[in-house]
Protein chains: 2
Amino acid sequence: MSSNPLAAYDRPSVAVDLVLMTAVDGALKVLVQRHPQMAWVLPGGLVHIDETLEDTVARMLAQKARMPGAFVEQLYTFGALDRDPRGRVISVAYYALVPAERIERALAAGDDLRLATVSNGACDTPLGYDHDQIVRVAAERLAAKLDYTAIALELLPAEFTLRALQDVYETILSVRLAKPAFRRKMLDRGFLTSTGRFETGGAHRPAELYARA
Amino acid sequence: MSSNPLAAYDRPSVAVDLVLMTAVDGALKVLVQRHPQMAWVLPGGLVHIDETLEDTVARMLAQKARMPGAFVEQLYTFGALDRDPRGRVISVAYYALVPAERIERALAAGDDLRLATVSNGACDTPLGYDHDQIVRVAAERLAAKLDYTAIALELLPAEFTLRALQDVYETILSVRLAKPAFRRKMLDRGFLTSTGRFETGGAHRPAELYARA
DNA sequence: CCAAAAGTGTTACAAGTACACCCATGA
DNA sequence: TCATGGGTGTACTTGTAACACTTTTGG
């Protein structure tokens with residue numbers, strides 16, 4: 001070993017890949033990006049030498065996904081030898097959650113970005129590299145976190161009805177939930193506050209709007 | 001960008017750090033290693049260019065921790081710029097669980113390895129780099145996983161009493177649990193099978209030995 | 001007034017807690 | 001036979017599920 005032992009080894013490249021998800025019309029969606037060779041891939045890029053992982057994620061969110069400031073959490077790190085044909089790349093995957101309205105506005109200006117549909121952890125559009133596997137892990141993590149966190153609120157606008165929240169749960173878990181039980185469980189948890197405002201417009205009683213506590 | 005875009009950037013080093021934990025006498029312990037400069041650090045090392053992350057973990061477990069084949073899971077990836085004074089090192093942390101007897105046997109031959117005590121996520125021995133933070137995250141993850149997995153069994157020998165299992169839970173969660181409730185919950189979960197054998201020797205009724213289902 | 005979806009009350013069941021008690025052993 | 005910890009039964013409380021019901025709107 002030399003005076004700096006770090007110099008003695010070949011280094012892998014380190015990338016960040018982003019699984020940006022949203023729930024629209026009963027379907028879980030993932031943002032994917034057109035790729036020159038492989039058809040579609042997750043937005044991602046190399047971690048620069050003077051960037052933290054979070055810096056890279058913020059850069060990917062802003063530049064590649066055009067969703068700066070979205071909720072994001074680290075997912076898992078993938079290190080198989082052959083995951084990138086160009087060379088050894090270790091990828092630190094993050095997942096991001098965005099309300100459907102916001103992503104649909106950004107995609108209106110869209111070109112090389114689109115939303116792929118995920119069902120049972122599988123993506124309807126086949127993705128390059130090991131990105132199908134990354135999406136699967138992200139979908140599983142999201143479903144697991146619904147039970148014990150308020151993470152679903154990241155998929156809704158600032159004010160939302162309990163029915164909209166239930167739709168998010170039913171979409172991600174692929175189950176039908178009972179309305180009264182769902183209402184009470186959510187309200188008892190203390191994650192929500194009622195705004196006193198109502199969503200009008202339907203041919204039925206207006207639904208109260210709630211916000212995060 | 002050149003023909004191989006990976007070549008265009010300086011690359012960070014990638015390391016694996018290992019949080020090998022066990023539960024002994026009501027205390028959660030972490031294996032730490034003497035370091036030339038900093039007093040104590042987690043066992044760890046660089047990921048070689050032709051090694052998967054899991055390969056590196058297996059190598060660390062065998063060579064550095066002398067605990068080959070232990071249960072291991074990925075914990076989190078740490079990427080702060082200044083976490084290693086020698087240069088930019090991104091560390092993929094893993095946690096490992098080993099029954100107390102096994103680790104105590106291996107440490108009998110001990111030299112530069114010892115068990116530090118963790119309480120409330122904090123390590124009694126101050127560690128170098130950001131390893132105190134890594135230990136904290138590992139302790140939190142372990143406590144969270146007790147609730148919904150059979151992970152505690154990794155900290156016990158192949159056959160064990162329900163009292164021993166309860167001790168593991170109480171140690172990691174830092175709470176006292178009610179014996180009847182604990183027994184029934186564990187048996188109802190289906191993770192355990194009774195062996196029909198008993199642990200004798202105490203001045204009291206022998207305790208039945210259980211094994212993983 | 002009717003259809004539709006929001007929202008509530010009532011009962012039943014299941015999971016979890018508290019506590020009292022019995023059991024088998026070594027000394 | 002006593003102390004000790006293993007192991008069980010029973011009542012109580014809490015959380016969840018099922019179902020029927022009322023409320024408020026648009027057409």
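Here is the naming used below: chain letters follow the sequence lines, and residue numbers restart at 1 for every chain.
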Which sits closer to the 5' end of DNA chain D, B:Thr161 or A:Thr200, going by the nucleotide each is nearest to? B:Thr161
What integer distance in Å separates A:Phe182:CZ from C:dA6:P? 12 Å
Please give, in whole Å, the distance from D:dG6 P to B:Tyr210 OH? 12 Å
Closer than 4.0 angstrom, basic N to acidic O: yes or no for B:Arg163 and B:Asp167? yes
Identify which nucleotide among D:dA17, C:dG7, D:dT25 has an atom closest to any side-chain atom of A:Ala181, counting heavy atoms from C-beta outward. D:dA17
Can you tell me if the side-chain N/O atoms of B:Arg184 get under 4.0 Å from OP1 or OP2 in C:dG16? no
When the distance from CD of A:Glu208 to C1' of C:dA5 is rounded to whole Å, what number comes out? 15 Å
Assign A:Ala207 to base, sugar-phosphate, or nothing according to its heavy-atom contacts below 4.0 angstrom with the strands shown. sugar-phosphate
Sequence neighbours excluded, every pair satisfying side chain to side chain donor-acceptor pair (under 3.5 Å) that has a member inside residues 204-213 of chain B: B:Glu154-B:Arg212
When you measure only distances, ignoring hydrogens and angles, does the side chain of B:Lys185 come within 3.5 Å of the base of C:dG16 through a donor and an acceptor? no
With nearest nucleotides of DNA chain D determined for B:His204 and B:Leu209 from heavy-atom distances, which residue corresponds to the more 5′ nucleotide? B:His204
Within this structure, what is the CD-to-P distance between B:Gln166 and D:dG7, rounded to whole angstrom? 11 Å
Restricting to side-chain hydrogen bond (donor to acceptor under 3.5 Å, both in side chains), what partner residues turn up for A:Asp124, sequence neighbours left out? none
Would you kindly give the CZ-to-P distance between A:Arg197 and D:dT24, to the nearest whole Å? 20 Å
By the definition side-chain hydrogen bond (donor to acceptor under 3.5 Å, both in side chains), identify the one residue from A:Thr171, A:Thr22, A:Thr117 that meets it with A:Lys29. A:Thr117
Within this structure, what is the CD-to-P distance between B:Glu199 and D:dG6, rounded to whole angstrom? 9 Å
Figure out the CG/P separation between B:Leu187 and D:dG9, and round it to whole Å. 13 Å
C:dT8 phosphate, OP1 or OP2: any side-chain N/O from A:Arg183 under 4.0 angstrom? yes
Between A:Ala203 and B:Pro180, which has a closest nucleotide on DNA chain C that is more 5'? A:Ala203
Of all the heavy-atom pairs spanning A:Leu192 and A:Met186, show the shortest one and how long it is. CD1-CB, 4.1 Å
Rounded distance (Å) that lies between atom P of D:dA18 and atom CG of A:Leu177: 11 Å
A:Arg205 vs C:dA5: side-chain N/O to OP1/OP2 distance below 4.0 Å: no
What I want to check is whether an N or O donor and acceptor connect the side chain of B:Lys179 with the base of D:dG5 at under 3.5 Å. no
